[in-house]
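Read through the structure below, which is laid out as structure tokens, and then see the notes.
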Amino acid sequence: MLQHYNDRLAELKNRQRQKSNWTASREQLKESLADAKEDLGRLEAWLQEEQRDVDRLKKLSLGGLFYSLIGKKQEKLSEEEAELLQAKLQYDEASDTVSDLEKELADIEANLAPVRYVESDIEAAMREKEKHIYDAHPALASELKLWSDEEAETEADAKELREAVNAGRSVISSLDRASERLQSARNWGTADMLGGGLLTTMAKHGHIDDARSAIHSAQSSLRRFEKELKDVQRDVGMTIDIGSMMTFADYFFDGFLMDWVVQGRIKDAAESVREKRALIRRIVAELETELGAKDRKLAELRRRQSSLIEQA
């Protein structure tokens, strides 16, 4: 019978910790979403400006006539079109980020609804358990309370670690996909610079777009992993240096569309992906080691409680 109370309290304390973490994450997401929407508005204005520049040059405007007369209209148009593509790339990334953050915020709000009154539930469960122990096992009351409290705390720690490990593995998987896409873009980019023609150019830009999507997915996974790491550091007490892990994609989305520059950008992005994968693999290994220790401690605590209950 005592195990029933222990299980119920462990479950409620897990939910209480989840509520605390989700509440903190909700506030952080609200701030991130506000910043992302501000960036999106700025990039939308830039995109519209670049589109107007291209449209003006394609019409027989005074500027278009001037460039035509001196034989440089096509050169100028190509420059403007490259700037338009760069603006579109960054706008798409910002738009995807806003959508991701909105979905994450909605998910957290949905998670918080069932745990709104968890503190009251814990108080009621504690009173019920204490009454049962006092009535049926007064000699065990003090010792058993210590074991059950430690079990609940250890179980909550293990849960946070397990979630962080799973999030880290998801990041590694996303980075592997990004690495594959970047390698494809790099191969086609080399062929394009060697004179591969229109089809090669189209294939290269297609792979660059695939790489952008893959890197965005990896960046989203990193954001979720960062949240789980903060939970671990706050609740479990592990110290993990995540450094500038969240910014590795920035330069890939910033000014990389000129053909002889893009190869260097792709090479740098691929190298960054490899470095981040190695870093995250080390962090996940640390988390797995700590999780194993928590699981072993949890098993021992449950064994001791079972022994006490059996002897009651």
Side-chain angles (χ1 to χ4, degrees), residues 6-7 9-26 28-29 32 100 104 107-108 111 115 147-183 214-249 269-306:
N6 293 341
D7 292 343
L9 278 168
E11 176 191 356
L12 288 171
K13 287 183 178 181
N14 264 330
R15 296 177 70 186
Q16 183 184 40
R17 182 178 293 189
Q18 287 177 330
K19 178 183 177 180
S20 176
N21 290 333
W22 285 332
T23 300
S25 295
R26 179 179 60 185
Q28 182 181 358
L29 277 171
S32 298
D100 286 348
E104 289 179 40
D107 289 344
I108 285 179
N111 289 336
V115 296
W147 291 124
S148 62
D149 286 349
E150 189 172 359
E151 177 192 358
E153 194 69 24
T154 303
E155 187 171 8
D157 289 346
K159 184 177 183 298
E160 298 293 358
L161 286 162
R162 194 169 290 108
E163 289 175 350
V165 166
N166 290 336
R169 290 170 179 169
S170 177
V171 174
I172 292 171
S173 177
S174 294
L175 290 175
D176 286 342
R177 289 195 299 273
S179 183
E180 292 173 4
R181 303 302 192 278
L182 285 167
Q183 186 58 50
I215 286 182
H216 173 78
S217 176
Q219 197 77 19
S220 296
S221 296
L222 278 168
R223 188 165 53 249
R224 290 190 293 272
F225 186 44
E226 183 188 38
K227 180 263 179 190
E228 298 296 346
L229 287 181
K230 286 180 179 178
D231 290 347
V232 165
Q233 292 182 108
R234 179 169 55 245
D235 296 328
V236 181
M238 289 185 70
T239 301
I240 299 171
D241 181 15
I242 60 176
S244 59
M245 182 173 69
M246 293 298 294
T247 62
F248 84 98
E271 180 61 29
S272 180
V273 166
R274 286 192 293 271
E275 290 175 358
K276 297 313 175 196
R277 188 190 186 284
L279 169 63
I280 293 163
R281 180 61 262 180
R282 289 195 296 271
I283 292 174
V284 170
E286 289 180 38
L287 293 169
E288 288 171 337
T289 298
E290 184 68 15
L291 176 58
K294 292 292 182 182
D295 283 340
R296 289 189 295 274
K297 180 178 180 181
L298 195 57
E300 176 61 17
L301 287 169
R302 287 171 176 166
R303 185 193 66 76
R304 291 181 182 181
Q305 288 183 83
S306 295

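Residues Val115 and Arg15 share a closest heavy-atom pair of CG1-NE, 3.7 Å. Here the shortest heavy-atom pairing between Ala10 and Glu155 reads CB-OE1, 3.2 Å. Nearest heavy atom pair, residue Glu228 against residue Ala167, reads CG-CB, 3.8 Å. Here the shortest heavy-atom pairing between Trp22 and Ile108 reads O-CG2, 3.4 Å. Among all heavy-atom pairs drawn from Val284 and Gly168, the shortest one is CG2-CA, 3.7 Å. In terms of heavy-atom proximity, Val232 sits nearest to Glu160 at CG2-O, 3.6 Å.
Inter-residue side-chain proximity for Asp295 and Leu161 is flagged as unmet; no heavy-atom pair is nearer than 4.5 Å. Residues Glu11 and Asn14 form no side-chain contact, since every pair of their non-hydrogen atoms from C-beta on lies 4.5 Å or further apart. Side-chain contact between Lys230 and Glu226 is present, with heavy atoms from C-beta onward closer than 4.5 Å.
Considering Arg304, Arg302, Lys13 in turn, Arg302 is the only one that fulfils the salt bridge (charged side-chain N to carboxylate O under 4.0 Å, His left out) rule with Glu151.
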Working note: Lys227 + Glu104, criterion salt bridge (Lys or Arg N to Asp or Glu O under 4.0 Å); need CA distance, chi angles, decisive distance, verdict.
CA-CA 11 Å; Lys227 180 263 179 190; Glu104 289 179 40; over 6 Å; no
Show your working on side chain to side chain contact (heavy atoms under 4.5 Å, CB included) between Glu163 and Gln18 and close with a plain yes or no.
CA-CA 11 Å; Glu163 289 175 350; Gln18 287 177 330; 4.2 Å; yes
Give the intermediate values and the outcome of side chain to side chain contact (heavy atoms under 4.5 Å, CB included) for residues Arg162 and Lys294.
CA-CA 10 Å; Arg162 194 169 290 108; Lys294 292 292 182 182; over 6 Å; no
Verify side chain to side chain contact (heavy atoms under 4.5 Å, CB included) between Arg277 and Arg274, making sure each step is shown before the conclusion.
CA-CA 5 Å; Arg277 188 190 186 284; Arg274 286 192 293 271; 5.8 Å; no
Evaluate the criterion side chain to side chain contact (heavy atoms under 4.5 Å, CB included) for residue pair Arg223 and Asp100; output intermediate values, then yes/no.
CA-CA 10 Å; Arg223 188 165 53 249; Asp100 286 348; 3.5 Å; yes
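A search for side-chain hydrogen bond (donor to acceptor under 3.5 Å, both in side chains) contacts involving Ser174 returns Arg177, Ser221, not counting sequence neighbours.
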